> 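Below is one structure. I have some questions about it.
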Amino acid sequence: MTPAATAASKAVGPSFRMGGVTVQLPPWQALAVPVLIVLMLAMMVLPLPPLLLDLLFTFNIGLAIVVLLVSSYTVRPLEFLVFPSVLLMTTLMRLSLNVASTRAVLMHGHTGTDAAGKVIESFAHFLIGGNFAVGVIVFAILTVINFVVVTKGAGRIAEVSARFALDAMPGKQMAIDADLNAGLIDQHEAKRRRGEVSQEADFYGSMDGASKFVRGDAIAGILILFINVIGGLAIGMIQHNLSISQAANNYVLLAIGDALVAQIPALVISVAAGLIVSRVGNDDDVGGQLAKQLFSVPRALGLSACVLALFGAVPGMPHMVFLTFAGVTGYFAWWVGERERRAKLAEAPAPEPQGNAGEASWDDVSPVDSLGLEVGYKLIALVDRDSGGDLLTRIKGVRKKFAAEVGFLPPAVHIRDNLELRPASYRITLKGVMVGESEVFPGMMLAIDPGHATQQLAGPKTTDPAFGLAATWIDERQRDNAQASGYTVVDAATVIATHLHHLMQLHAARLLGRAEAQQLLEHLGSYAPKLAEDVVPKLITIAVFQKVLQNLLDEAVHIRDLRSILEVLAEHGARTQDPVELTREVRVALAPSIVQQVFGPVRELSVIAVEPSLENLIVQSLAPGASSALEPGVAESLMAAAADATRAQEDAGVAACLLAPDRVRAALARLLKKSAPRLRVLGHSEIPENLSIRIGRIIGETK
């Protein structure tokens, strides 16, 4: 930002984001809160005229109503983060007004009941009818409701919520990292969610402390009432020579009116605090939740109408009142039921016209889906956006992440229901062949043990379908507890999306068809048209180009650097058309990126080596043109030793990579793929010169 722009923003004032729009505040609003606090403190010291007291008491009541309505319309507690500060300021305002009104009552109470303003006088006469005993009892009841019921309950909810929010923070952070790694969210969304997790813990912690303000305010209101009553009687009778009845009529009524004027806004603010901390769900405000959940079951409303009608039929009961409410409730139950019935009829599909079957045509031949997802009928809701399902959105994120990582756009995923599957099962197919299947439970969460969970969870035991980790299906109520215990908790849609992403990575070579290879060339032509035109089809055919890319993907080498791949093919395409030989040259050119993909940005590579005599035997048996094959017993021992070395490297936190001679690298990689699928095999020429090598384990070494 330029100095001029910075000066302009300072001149205009602070700003904040609301609904995705930047709202610029005028400069005076930056001073509003400090000035308001200074004025509230000044009210405790400076005498205020009755008219100003009336205005301030009215403002206090109106502010409490505004806070209550904002709390009731708030959808998420974090949308009202400033509420603890509002609670403190409203409490301070009430106490300041109490001090100011106490001064006015004790100084001018002998002049009449309007000494502290019309608001206090009206509360004293209208609400309690000028009766001292009624006023004290009403004030005591309001104080008990505020102090014992509302404030204590809201404080307890805030305390428990703060404790669970703090305990669940590590698990929630892990869930955010899991979504980020799976491609379901980006960096900005992950940063926003982490901020929400931190804000949630801070908010409930602040609410737990702020509830003590209202509790202390209630106690202060009781003490101020008794001080005003005793002090007023003493001042009226001793200083102003009033009779006890005159002093009581003036000072006691004013003290009770003052207490009620302060206690009613305090109760309203306490109810607002209870609404904020007791919110569950982020879909609608309190009114919307009540309408959807409390008055949306016609059977419950009908039974309630029957019970009210029975009470109305009992002799001695007020028949008119009970029967009236029974009729209203019954009509409402009928109306809700009719609305649900019409909604179901509107959603029902129209019957298909039945006629004579026509002749067979090419429309009856449906192509095989390159990538398909079949679901049982219980999982259809995960795909239906109208039912709140977000599986389609997650699959779009998986395809986008795959394209960004691997380097080409995979085929679209075709989703269909399959009544032959179990109701909660799903199946992932590749060109019509099943490559993975599992079972998920909508409405439940899968708690995955990454290896350091601290306790066992109650629920059906299973394994994560993507990586085979131990897992447990739990209720959503157990989510915070599971995350606090070290589990990674995901929903059913995330389980399917993660499994799909893993299988797409595993079968990337089969996903790259002729159409995808042609699209890659067209995409390269948008930024390097001459290179794409000179190589394919002038030097090599599209079939050879596709086979080279499939060979790379078959060993988990990403093809994002398509420009470098085409440059290598342009250099060696005139010499050979053998895809294996061209793949070897491309791997040497992509060696730095391949090594970084395996090990990350390190300077030293910890690799697995083969014992020299065994390596010579492998070269003699697997090298191109070899006269003898590798004996089955030697091959089995080699595969078992490679699997053991892979597990040992991974347990030590190091990538499993085998260093082999260039002549047998490809053949050795194919041989060991079944026994050690996560083992990467690199040739000697594929190690960059600027990196050092350390032998971590040796296959075939005698102990």
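All values reported here derive from a predicted model rather than from experimental measurement.
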> Drop me the distance from Asn60's CG to Ile264's CD1, to the nearest 0.5 angstrom.
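Spacing of CG (Asn60) from CD1 (Ile264) equals 11.0 Å.
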> On a heavy-atom basis, which atom in Val368 and which in Gly432 lie closest, and how many Å separate them?
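Closest heavy-atom pair between Val368 and Gly432: CG1-N, 3.4 Å.
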> Is the shortest side-chain heavy-atom distance between Ile448 and Tyr487 below 4.5 Å?
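Answer no - side chains too far apart.
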> Is the number of heavy atoms from other residues, nucleotides or ligands within 6.0 Å of CD (Gln187) greater than 12?
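Count not over threshold, so no.
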> Determine which pairs satisfy ring-ring contact (aromatic ring centres under 6.0 Å, His included) with at least one residue from residues 453-479, sequence neighbours left out, and list them in order.
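Qualifying pairs, neighbours excluded: Phe441-Trp473, Phe467-His502.
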> Indicate yes or no for a side-chain donor-acceptor contact from Arg339 to the backbone of Trp334 under 3.5 Å, with no hydrogens or angles considered.
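No; zero donor-acceptor contacts below 3.5 Å.
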> Under 3.5 Å, side chain of Thr498 to main-chain N/O of Val495, donor-acceptor pair present?
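No: the side chain of Thr498 does not pair with the backbone of Val495.
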> Can Met445 and Gln478 be said to form a side chain to side chain contact (heavy atoms under 4.5 Å, CB included), step by step?
CA-CA 9 Å; Met445 313 295 289; Gln478 299 177 262; over 6 Å; no
> Check this for me, if you would: do Asp369 and Lys431 make a salt bridge, where the nitrogen-to-carboxylate-oxygen distance has to be below 4.0 angstrom?
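Looking at Lys431 together with Asp369, the answer is no, because their closest N to O distance does not fall below 4.0 Å.
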> How close do Pro265 and Val261 get, heavy atom to heavy atom, and via which atoms?
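Residues Pro265 and Val261, closest heavy atoms: CD-O, 2.8 Å.
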> Are any non-hydrogen side-chain atoms of Leu379 and Val440 less than 4.5 angstrom apart?
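Counting from C-beta outward, Leu379 and Val440 do come under 4.5 Å.
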> Would you say the side-chain atoms of Asn418 pair up with the backbone N or O of Glu420, donor to acceptor, closer than 3.5 Å?
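Yes: the side chain of Asn418 pairs with the backbone of Glu420.
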> When you look at Arg394 and Asp491, which way does the salt bridge (Lys or Arg N to Asp or Glu O under 4.0 Å) test go after all the steps?
CA-CA 12 Å; Arg394 293 176 183 268; Asp491 57 13; 3.3 Å; yes
> Rounded at 0.5 Å granularity, tell me how far NZ in Lys400 sits from CD1 in Ile395.
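Lys400 NZ to Ile395 CD1: 16.0 Å, rounded to 0.5 Å.
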> Quick one: does Leu469's side chain get under 4.5 Å of Asp449's, heavy atoms only?
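Result no, sub-4.5 Å side-chain heavy-atom pair not found.
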> Check whether any side-chain N or O of Thr494 sits under 3.5 Å from a backbone N or O of Val490 as a donor-acceptor pair, and report yes or no.
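No, the answer is negative, given that no donor and acceptor are paired below the 3.5 Å cut-off.
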> Starting at CG of Leu373, measure out to NE2 of His414 and round the result to the nearest 0.5 Å.
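These two atoms lie 11.5 Å from each other.
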> Let me confirm one number: the CD1-CD distance from Ile176 to Glu196, rounded to the nearest 0.5 Å.
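Between atom CD1 of Ile176 and atom CD of Glu196 there are 8.5 Å.
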> Kindly determine whether Met93 and Thr91 satisfy side chain to side chain contact (heavy atoms under 4.5 Å, CB included), including the steps that lead there.
CA-CA 5 Å; Met93 175 177 288; Thr91 303; over 6 Å; no
> If we ignore hydrogens and angles and just use 3.5 Å, is the side chain of Ser425 paired with the main-chain N or O of Leu421 as donor and acceptor?
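A pair under 3.5 Å: no.
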> Could you tell me which residues satisfy ring pair (Phe, Tyr, Trp, His ring centres under 6.0 Å) with Tyr426, sequence neighbours excluded, listed by chain and number?
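Counting only residues at least two positions away or on another chain, Tyr426 forms a ring pair (Phe, Tyr, Trp, His ring centres under 6.0 Å) with His499.
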> For Val398 versus Met504, what's the shortest heavy-atom pair and its separation?
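In this case the closest contact between Val398 and Met504 is CG1-SD, 3.9 Å.
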> Which pairs of donor and acceptor atoms, one on a side chain in residues 322-333, lie under 3.5 Å apart (sequence neighbours left out)?
{"unit_1": "Thr324", "atom_1": "OG1", "unit_2": "Met320", "atom_2": "O", "d": "2.5"}
{"unit_1": "Thr329", "atom_1": "OG1", "unit_2": "Phe325", "atom_2": "O", "d": "2.8"}

> In this structure, which one of Val413, Ile496, Val435 forms a side chain to side chain contact (heavy atoms under 4.5 Å, CB included) with Ile428?
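That would be Val435; it is the only one of Val413, Ile496, Val435 passing the side chain to side chain contact (heavy atoms under 4.5 Å, CB included) with Ile428.
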> Walk me through whether Thr429 and Leu371 qualify under side chain to side chain contact (heavy atoms under 4.5 Å, CB included).
CA-CA 6 Å; Thr429 61; Leu371 195 58; over 6 Å; no
> Any chance you could lay out the side chain to side chain donor-acceptor pair (under 3.5 Å) test for Asp390 and Thr393, step after step, and finish with the verdict?
CA-CA 5 Å; Asp390 61 346; Thr393 304; over 6 Å; no
> On a heavy-atom basis, which atom in Leu382 and which in Ala492 lie closest, and how many Å separate them?
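The answer is CD1-CB, 4.2 Å.
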> Any salt bridge between Arg192 and Glu189, counting N to O under 4.0 Å?
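Answer for the salt bridge query: yes.
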> On a heavy-atom basis, which atom in Arg94 and which in Ala262 lie closest, and how many Å separate them?
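Scanning both residues, the minimum pair turns out to be CD-O, 3.3 Å.
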> Measure the spacing between OG1 of Thr472 and CG of Leu457 and express it to the nearest 0.5 Å.
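Those atoms lie 5.5 Å apart.
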> As a quick check of understanding, evaluate side chain to side chain contact (heavy atoms under 4.5 Å, CB included) for Glu476 and Met444, giving each step before the final call.
CA-CA 6 Å; Glu476 191 168 0; Met444 299 184 70; over 6 Å; no
> Can you give me the closest heavy-atom contact between Ala64 and Val268, atom names plus distance?
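Result for this residue pair: O-CG1, 3.3 Å.
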> Please round to the nearest 0.5 Å and tell me the distance separating atom CD of Gln456 and atom OG of Ser485.
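Separation between the atoms: 10.0 Å.
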> Decide yes or no for Leu310 and Leu308: does some side-chain heavy atom of the first lie under 4.5 Å from some side-chain heavy atom of the second?
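Not touching, per the 4.5 Å side-chain cut-off.
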> Report, as yes or no, whether the 6.0 Å neighbourhood of atom NE2 on His452 holds more than 12 heavy atoms from other residues, nucleotides or ligands.
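Yes, because the 6.0 Å sphere around NE2 of His452 holds more than 12 heavy atoms from other groups.
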